[in-house]
Amino acid sequence: GDVDFMRAIKAFRDEAAADARPHQEDQGEKVCIVVRKRPINNKEIRKNDYDIVTCLNPKAVVHNCKLRVDGITKFLDNQAFEFDHAFDEETDTSEVYHYLASPLVKFVCAGGRATCFAYGQTGSGKTH
């Protein structure tokens, strides 16, 4: 990967870390949209790919590494997407369960109906 872009992404993460908010308990929403970032895998590491997604709850930021019109100056174009929850690759499954599945289980046990839909490419980390 490009060392300058990796350095810029790290600087973004260091600077923006304070913007992350703690996860909130279920507020009774009918629909809850969540993203869980998977770690980069060994194949990506071997290809010298680098991690271009930063999760800072409730946002996931995609870093697009670009060159200015001069063709020399590098910069990051950061696109943020907001969710009800954004979990990074360090979040363990029990924490994800606590905020997502546990409220659904309680609701169903109280007579309600619920669905938990996990979407992603095969091998993308849905069961990570």
Side-chain angles (χ1 to χ4, degrees):
D2 186 299
V3 175
D4 295 324
F5 285 134
M6 289 189 287
R7 190 176 299 123
I9 292 170
K10 182 184 181 328
F12 173 89
R13 289 177 178 151
D14 291 345
E15 184 178 314
D19 295 339
R21 297 192 308 237
H23 293 278
Q24 299 295 314
E25 298 291 331
D26 175 50
Q27 303 298 314
E29 299 97 358
K30 295 212 180 259
V31 175
C32 180
I33 308 297
V34 177
V35 64
R36 184 180 191 189
K37 178 185 163 188
R38 68 163 176 82
I40 60 172
N41 61 38
N42 290 334
K43 179 181 177 185
E44 293 163 331
I45 292 169
R46 282 192 305 275
K47 289 175 42 182
N48 288 325
D49 286 344
Y50 47 97
D51 182 1
I52 63 163
V53 177
T54 301
C55 283
L56 300 166
N57 189 58
K59 295 179 182 178
V61 181
V62 178
H63 308 289
N64 190 358
C65 303
K66 294 185 173 183
L67 294 174
R68 298 216 184 271
V69 292
D70 64 11
I72 300 169
T73 309
K74 300 173 183 180
F75 73 100
L76 287 181
D77 180 22
N78 301 310
Q79 181 68 48
F81 301 90
E82 190 158 342
F83 300 90
D84 294 300
H85 294 277
F87 296 100
D88 66 18
E89 67 275 21
E90 301 297 323
T91 305
D92 66 21
T93 300
S94 63
E95 185 174 355
V96 175
Y97 177 86
H98 173 79
Y99 289 105
L100 300 173
S102 180
L104 294 179
V105 170
K106 290 175 187 172
F107 180 71
V108 168
C109 289
R113 287 188 257 169
T115 300
C116 181
F117 180 74
Y119 177 79
Q121 182 178 353
T122 300
S124 67
K126 293 180 296 298
T127 58
H128 167 69

Minimum heavy-atom separation for [X] and [Y], please, with both atom names.
{"X": "Ile9", "Y": "His63", "result": "CG2-CD2, 3.8 Å"}
{"X": "Pro58", "Y": "Ala86", "result": "C-CB, 3.8 Å"}
{"X": "Arg36", "Y": "Thr91", "result": "NH2-O, 3.0 Å"}
{"X": "Pro103", "Y": "Tyr97", "result": "CD-O, 4.3 Å"}

Quick check for you: to the nearest 0.5 Å, what is the distance between [X] atom [atom1] and [Y] atom [atom2]?
{"X": "Ile40", "Y": "Asp49", "atom1": "CD1", "atom2": "CG", "result": "7.5 Å"}
{"X": "Thr54", "Y": "Glu89", "atom1": "OG1", "atom2": "CD", "result": "8.5 Å"}
{"X": "Phe75", "Y": "Asp77", "atom1": "CZ", "atom2": "CG", "result": "6.0 Å"}
{"X": "Leu67", "Y": "Phe5", "atom1": "CG", "atom2": "CZ", "result": "5.0 Å"}
{"X": "Ser102", "Y": "Glu95", "atom1": "OG", "atom2": "CD", "result": "12.5 Å"}
{"X": "Arg113", "Y": "Leu104", "atom1": "CZ", "atom2": "CG", "result": "14.5 Å"}

ask   = Do Asn57 side-chain atoms and Arg21 backbone N/O form a donor-acceptor pair below 3.5 Å?
value =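 Present.
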message = For the backbone of Ile33 and the side chain of Asp84, can you confirm whether one donor and one acceptor N or O come within less than 3.5 Å of each other?
response =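 Yes; at least one donor-acceptor contact below 3.5 Å.
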message = Quick one, Lys59 and Phe81 - any side-chain contact, counting heavy atoms below 4.5 Å?
response =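 Result no, sub-4.5 Å side-chain heavy-atom pair not found.
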message = Just so I know, are the side chains of Asn48 and Met6 near enough to count as touching, which here means a heavy-atom distance under 4.5 Å?
response =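 Answer no - side chains too far apart.
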Full working for side-chain contact (heavy atoms from CB on, under 4.5 Å) between His85 and Leu100 = CA-CA 9 Å; His85 294 277; Leu100 300 173; 4.1 Å; yes
inquiry  = In this structure, would Val3 and Tyr50 fall into the same cluster of hydrophobic residues linked by side-chain contacts under 4.5 Å?
reply    =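 Yes; tracing contacts between hydrophobic side chains, which count when under 4.5 Å, links both residues.
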inquiry  = Check for me, please, whether Phe83 and Val53 land in the same ILVMFWY cluster - side-chain distances under 4.5 Å, paths through other members count.
reply    =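 Result: yes, single cluster for both.
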Do the side chains of [X] and [Y] get close enough for a salt bridge, i.e. N-O under 4.0 angstrom?
{"X": "Lys37", "Y": "Asp88", "result": "no"}
{"X": "Glu44", "Y": "Arg38", "result": "yes"}
{"X": "Lys74", "Y": "Asp2", "result": "yes"}

query = Can we call the ring centroids of His23 and Phe87 under 6.0 Å apart?
reply =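 Centroid separation for His23 and Phe87: below 6.0 Å.
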